[in-house]
Structures are given as C-alpha cells and as structure tokens.
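First the structure, in the form of structure tokens, and then the observations on it.
Just so it is clear: chains get the letters A, B, ... in the order the sequence lines come, proteins before strands, and each one is counted from 1. We use all heavy atoms of the structure for the numbers below, so side chains are in, but hydrogens, waters and symmetry mates are not.
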Amino acid sequence: MRVNKSLIPTLKEEPSDAEVTSHKLMIRAGLIRQLSAGIYTFLPFGWRAMLKAINIIRQEMNAIGGQELLMPSLNPTELWHETGRDQDMKDILFSIKDRDFLLAPTHEEIISDVARREIRSFRELPQIWYQIQTKFRYEPRPRFGLLRCREFIMKDSYTLCATQEQLDELYNLHEYAYRRIFTRCGLKYVVVGASSGMMGGSGSQEFMVPSEAGEDRTAFCEKCGYAANTEIAQGILEPFEPAEIMGKKKVHTPNLRTVEEVSEFLKIPRAQMLKSLLYVAEKDDLPVMILIRGDQQLNEEKLVQYLKSPIRPAHPEEVQQWLGAPAGFIGPVNAPDSIKILADKSYPVDVPFATGANEKDYHIIGYTLSETKVDDTGDFRIINEGEKCVECGNPLKVRVTIEIGHIFKLGTKYSESMGALFQDSEGAQKPIIMGSYGIGVGRILSSAIELFADESGIVWPITIAPFEVIITALDITNDKIKEVAEKLYNKLLSEGMDVLLDDRDERAGVKFKDADLWGIPIRITVGKLTAEDKVEVVLRRDTANRMAVDIEMAVAKVKELRLMLYNEIESSAKKIEVKNLSKK
RNA sequence: CGGGGCGUGGCGCAGUUUGGUAGCGCACAUGGUUUGGGACCAUGGGGUCGGAGGUUCAAAUCCUCUCGCCCCGACCA
C-alpha cells in the first residue's frame with residue numbers, strides 16, 4: 001500500500017474527547033473515527049490491525065477443533081423470551097422499533113436454537129462452534145475508544161457437551177487457545193477467577209491485561225499465583241480489637257447516621273459497628289438486609305451472585321416503610337421476618353456490636369450475631385489491597401486491568417429453558433451441557449497500544465501491526481531515491497511482507513512523525529544515504545539504533561529483523577500447553 | 001439513570017461575565033523560497049456559532065426547551 005492517495009489521516013493535536021492513550025493514538029494515527037458514542041468506523045489502518053488479530057484468533061480456534069459459523073445479528077425477540085433474557089438484559093438490549101426483533105448482544109439463545117434443531121445424539125457431541133461478528137450492547141456509558149463500545153466485534157464460541165468431563169476438557173482447550181491467541185498478539189496478561197454475572201453457570205475465568213486504562217480490578221498474590229477479579233476475590237481480614245460493651249441498650253444518637261459519626265460518638269471502633277444495608281432482589285422483589293463489619297464495604301457483585309438476581313438499593317421510602325426508620329438507623333434486631341438477613345462473615349458472631357435500632361435517632365449496642373436472627377452467612381465484602389491471600393497468607397495486591405477475554409462454564413441454563421436436548425447412550429433425553437467463550441477483538445488492539453506506546457506514538461507487536469515494514473522515501477522528487485524505494489517496495493512485497501510505502505511529497509519531519517505515530521515495527525529510510533548506495537533500517541521500538549545497510553542487503557536485513565520479531569512472540573506461544581485434567 | 005463539564009470552518013481553541021453582526025493556530029488551495037525529525041513568505045476559499053422558540057432596534061453572547069458529546073458513579077468483551 002502507498003501512503004499517497006490512501007486514507008490514513010493523522011492528527012497533530014490530541015482529540016479533545018479522548019481520555020486514555022490508546023483512544024488518543026487510535027484517532028491520531030488514523031485507525032478509527034467516532035460516529036456516535038461508543039460507535040466507531042474502522043479506517044483502513046485500524047481495520048488491517050483488526051484483521052491481523054482476527055486471523056490469529058481464527059487460526060487458534062480452528063486448531064482446537066472450532067468450527068466457524070455466522071449467526072444473525074437480528075434476532076426474533078421471541079427467542080429471547082424463552083430464556084427470559086429479553087427482560088433480564090433489557091437495559092443493554094437494542095430493540096428494533098415497530099418490529100419484533102432485537103440486535104444481539106451475545107448468542108447463547110441462537111446457538112441453543114441451532115443445537116435443538118440439529119443435535120439428536122450424544123454421538124454428535126462434543127461440538128465447538130464459533131463466530132467473529134459484531135455485537136450490540138446499549139452500554140450506559142461507552143468509554144475509552146474501543147475499550148467500551150455499543151457496537152463491537154467479538155469472537156464468541158460455544159461448546160456443546162454430553163458430560164461434565166467433556167465440558168471441562170473443552171473449557172481447558174479454550175483456555176489454551178486463548179493463552180496462545182493473546183500471546184501471539186504480543187500481549188501481557190493474567191488469567192484470573194471471575195464472576196459469571198448475568199450469564200449464569202458454574203465457573204469462569206477472565207483474561208486480564210494490566211493497564212491503568214482498565215475498568216476492572218484484579219487481586220493477585222505474587223507468592224502463590226492466586227488471582228481473581230475483585231468482584232469475587234477473597235481475602236483474610238485482620239481481626240480488630242473490640243471495645244467493651246456492657247449490657248444491651250438503646251442509645252440516643254440524634255442525627256448521627258454514618259458509621260463514622262456513630263462510632264466516634266459511642267467511642268466504639270468503626271469495625272465494631274455492624275453496617276446494615278437494605279437492598280431489593282429485583283427478581284422476587286425481596287427485601288434483603290446485609291450486615292457487614294463497619295470498616296468494610298459491600299461487594300454488590302457477590303450479593304448478586306448469592307441471590308441469583310439483579311439488585312438495587314432500597315428506596316428511602318421503602319426503608320422507612322419496612323423498618324420504621326430512615327437509612328442510617330436500621331439494623332437486624334427486631335427487623336420484620338419478611339426481610340431476609342444476610343451476614344458477611346467478616347463480623348465475628350460473639351462480639352457485641354452497635355447498629356441501628358430501627359427507630360429514628362437511636363442505635364442499639366450490646367447484641368451479638370449469635371443471638372440475632374440471621375438467615376445466612378457468606379462472603380459479601382470487597383477485599384482491600386494488603387489483605388492476606390486465602391491460599392498462602394501472603395499480602396494481596398490489587399491492580400487495574402482490561403478484560404480481553406472471558407470463558408464460562410454455562411451448564412444447562414440455556415439448553416434446559418430452550419429444550420436443547422440430546423439422547424445419551426441409555427436412551428435418556430438430557431440437556432446439552434454448554435460453555436461460552438468471548439474475546440473482544442478491539443480490546444486486543446487497545447491493550448497492545450496501552451502496553452507498548454511511547455511519547456511518539458504506537459509501538460505495535462509485529463503480529464497485529466497494520467504493516468510489518470514502512471519505507472520512508474525522503475525527497476520523492478529525487479529520481480534515485482524514488483527508484484530505490486520503489487525497487488525495495490516491490491521486492492519486499494514479492495517476499496510476502498506487508499509493506500507500506502510513504503511516497504508522499506512531504507518533508508522528512510512529517511514522514512518520520514507519521515511513521516512513529518503509526519508504530520510500524522520496521523522502518524527503512526531511503527534518503528541521502530542512497531548516494532553511498534545505502535539505506536537506513538530501524539526498529540520502531542528502538543529508533544535510537546539506526547543501521548546503515550547496503551541497498552542490496554536491505555531486503556535480507558529486513559527479513560532477518562522480521563523473523564526475529566516474530567520469533568520473540570512465537571517462541572513464548574510455543575511454551576503454552578493444554579492444562580492436563582488428570583493433574584488437578 | 002444521578003452528579004459535573006462542553007458544543008463556534010475539517011481539527012484544536014478564543015470570543016459569552018459587560019448583547020453591537022465572528023477571530024486565532026493547524027489543515028486546505030495557488031504562487032514562490034525551502035528539503036533527514038511536524039518549514040517560511042504572500043494570496044485565497046470555507047462557519048445556519050448543535051437545534052427550536054423567546055426577549056431586544058440588535059443575540060455566539062440573555063431566557064426557556066431540546067439534541068449531542070465528554071468526565072465521575074452502578075454493567076461488560
């Protein structure tokens with residue numbers, strides 16, 4: 001491809017509406033343009049990088065036996081009604097006005113529909129079906145360029161199995177494929193335990209790239225390798241030194257509603273306060289009170305997981321109506337039976353606590369959890385950096401990360417509700433055991449840029465770079481320079497390389513700045529050195545190290561560097577192995 | 001959806017407080033001089049000031065409504 005007459009528009013100035021590095025650079029380097037919030041056009045440069053990543057994904061999915069197919073984005077709403085997700089996911093669904101269709105945010109329903117029509121016997125299982133396709137989600141807040149979009153390209157695959165063992169096997173194969181994909185894309189990442197959220201199912205892991213531009217927080221242990229999204233991460237909390245509380249009594253606490261205010265007033269440590277929060281499980285409209293140690297925070301995701309329902313904080317009127325007191329003065333003691341009470345295990349059962357009295361301007365002290373009505377105890381807490389690892393006791397670290405992939409063991413949630421059944425060897429009808437696995441392709445690009453960019457622009461891993469080599473022909477009006485550049489360009493093309501020829505009639509500075517911005521791994525500069533029959537070869541990641549190379553040797557040199565860049569990446573991909581089931 | 005901010009040539013911004021009929025830099029066009037790290041000079045083209053309504057002799061500027069975008073919070077690949 002030649003730069004002259006091509007659509008690769010670069011910007012000198014930072015776009016005003018971009019916040020993070022990858023977003024700024026994608027706009028500046030001419031990879032993408034925004035059409036609307038969270039909706040982007042991929043310009044030729046951006047699309048080339050996408051295609052490179054897609055190609056790697058396709059190769060690795062095929063390698064584990066995946067069969068590529070393509071399902072429609074337009075889905076009959078009726079199909080989504082079968083699983084109830086037309087309601088459960090209505091906040092993020094794009095629905096078609098005046099027609100009973102929606103734009104698919106994911107494809108469990110469609111896969112299940114295909115399966116129930118086509119799969120009859122255990123002999124046809126297992127299956128891996130995947131597609132690479134545009135998804136639509138009405139994200140309440142699109143952000144950070146391709147990191148969070150309303151329309152985005154996803155690789156989604158689905159496994160159909162007859163047994164749990166098959167599911168475990170295909171799940172592990174996906175983990176293996178994902179490791180290879182992200183490694184081959186040149187990314188640094190960690191695999192962490194994750195919540196399965198609204199997808200349902202028994203287990204899941206996320207692939208996380210450490211980056212300040214991320215929207216997830218991952219807790220991990222440097223000693224034993226424990227790693228989990230803070231949505232589900234567990235840690236061991238230091239016990240606190242309780243103040244002595246004699247007897248049970250009600251105390252007047254006028255206008256003191258926060259944990260801090262009451263703890264200061266009563267001279268009781270914050271940790272000894274029993275924080276009482278009222279939520280509503282939206283599925284059954286069930287009021288739920290959560291009790292948690294006063295210095296800790298509720299992890300709403302853990303609560304959602306436990307209740308298996310979306311939740312919302314109770315409205316102030318509801319709190320007043322159900323407990324007879326405003327928020328800030330509520331507690332478990334004397335709460336009506338209609339309210340489900342859940343205690344976080346962070347509060348010891350035998351230590352007297354202080355909490356709301358369910359009466360305005362009053363708290364009560366001296367009760368213990370062992371004598372309070374509690375329906376269940378569990379882990380509902382957000383962990384903090386420095387807490388001890390549950391596996392080995394080492395202090396945990398918490399880092400911001402970008403989620404680039406997620407794998408789920410779904411189980412039979414969709415096959416049961418949609419009647420995707422198979423006949424086992426004994427002739428019994430059973431629901432197909434499913435798994436689902438996603439990769440955000442755009443996020444691969446964003447992550448790579450976040451990881452490797454420098455002050456001058458993007459630095460692509462060669463495997464996903466829009467081009468492998470750029471020839472910067474300075475002073476294209478000089479016949480010799482033009483001739484050498486053209487010759488090299490055609491030679492490299494015939495060697496099968498992705499080459500970009502900057503043949504614009506621009507000053508050297510402009511071309512160098514653009515080349516840096518684009519981040520193409522290998523650059524050949526054809527300029528004044530042609531007088532000595534030489535060109536200059538540099539790596540984008542190390543522009544200080546310029547190599548003067550004889551023109552006849554230039555192609556060989558580029559081949560050598562290119563091979564080296566690929567080998568760096570491929571050699572680490574080769575080390576990846578399928579997790580052996582029998583070992584664990 | 002709650003809170004905050006911003007909409008002015010393609011891009012980045014000033015002008016709005018105190019109404020007087022739109023300006024700067026980049027980009028673009030033409031000519032000339034330059035030519036290995038975003039050149040310089042001259043000339044030129046391009047804007048319903050997000051949209052609608054209102055106040056006024058007069059609105060980018062004041063008022064009302066509305067749309068869009070960005071940021072902070074709850075969701076996800």
Worksheet item: With A:Phe467, which of A:Trp460, A:Phe45, A:Tyr489 fulfils ring-ring contact (aromatic ring centres under 6.0 Å, His included)?
Response: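 Only one of A:Trp460, A:Phe45, A:Tyr489 forms a ring-ring contact (aromatic ring centres under 6.0 Å, His included) with A:Phe467, namely A:Phe45.
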
Under a 3.5 Å limit for both distances, which nucleotide forms a Watson-Crick or G-U wobble pair with [N], could you say?
N	value
B:U17	none
B:G36	none
B:G10	B:C26

Discussion item. Between B:C62 and B:C49, how many Å separate the two P atoms, rounded to a whole number?
Written reply: 15 Å

Worksheet entry | Set of residues satisfying salt bridge (charged side-chain N to carboxylate O under 4.0 Å, His left out) with respect to A:Arg180, sequence neighbours excluded |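 In terms of salt bridge (charged side-chain N to carboxylate O under 4.0 Å, His left out), with neighbours along the sequence ignored, A:Arg180 is linked to A:Glu60.
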
Worksheet item: Residues in salt bridge (charged side-chain N to carboxylate O under 4.0 Å, His left out) with A:Asp550, at least two apart?
Response: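 For A:Asp550 the salt bridge (charged side-chain N to carboxylate O under 4.0 Å, His left out) partners, ignoring immediate neighbours, are A:Lys534.
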
Item to complete: Just call it for A:Thr472: base, sugar-phosphate, or nothing, with non-hydrogen atoms closer than 4.0 Å on any strand.
Response: nothing

Item to complete: Determine the contact category for A:Ile153: base if any of its heavy atoms lies under 4.0 Å from a base atom, sugar-phosphate if only primed atoms, P, OP1 or OP2 are that close, otherwise nothing.
Response: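 No contact.
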
Discussion item. Quick check, does A:Phe152 stack with B:A77? I mean ring centres under 5.5 Å and planes off by under 30°.
Written reply: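 Yes, A:Phe152 stacks on the base of B:A77.
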
Worksheet item: Is the number of heavy atoms from other residues, nucleotides or ligands within 6.0 Å of CD (A:Glu260) greater than 12?
Response: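 Counting neighbours around CD of A:Glu260, more than 12 heavy atoms of other residues, nucleotides or ligands fall under 6.0 Å, so yes.
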
Discussion item. From the set B:C76, B:U35, B:G36, return the single nucleotide nearest to any side-chain atom of A:Glu536.
Written reply: B:G36

Item to complete: Ignoring the backbone of A:Leu474, work out which of B:C72, B:A39, B:G36 is nearest its side chain.
Response: B:G36

Worksheet entry | Mutual orientation of the aromatic rings belonging to A:Phe380 and A:Tyr306 [parallel < 30°, tilted 30-60°, perpendicular > 60°] | perpendicular

Worksheet item: Does NZ or CZ of A:Arg150 come closer than 6.0 Å to the centre of the six-membered ring of A:Tyr138, within 45° of the ring's axis?
Response: yes

Given the structure, check if the side chain of [X] and the base of [N] hold any donor-acceptor pair shorter than 3.5 Å.
X	N	answer
A:Arg504	B:G38	no
A:Asp17	B:C71	no
A:Arg443	B:C76	yes
A:Asp514	B:G38	yes

Discussion item. Base contacts versus sugar-phosphate-only contacts with protein, heavy atoms under 4.0 Å: please encode nucleotides 2-11 of chain B as B, S and - from 5' to 3'.
Written reply: ---------B

Worksheet entry | Residue that, paired with A:Leu561, satisfies side-chain contact (heavy atoms from CB on, under 4.5 Å) out of A:Val538, A:Val469, A:Leu539 |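 That would be A:Leu539; it is the only one of A:Val538, A:Val469, A:Leu539 passing the side-chain contact (heavy atoms from CB on, under 4.5 Å) with A:Leu561.
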
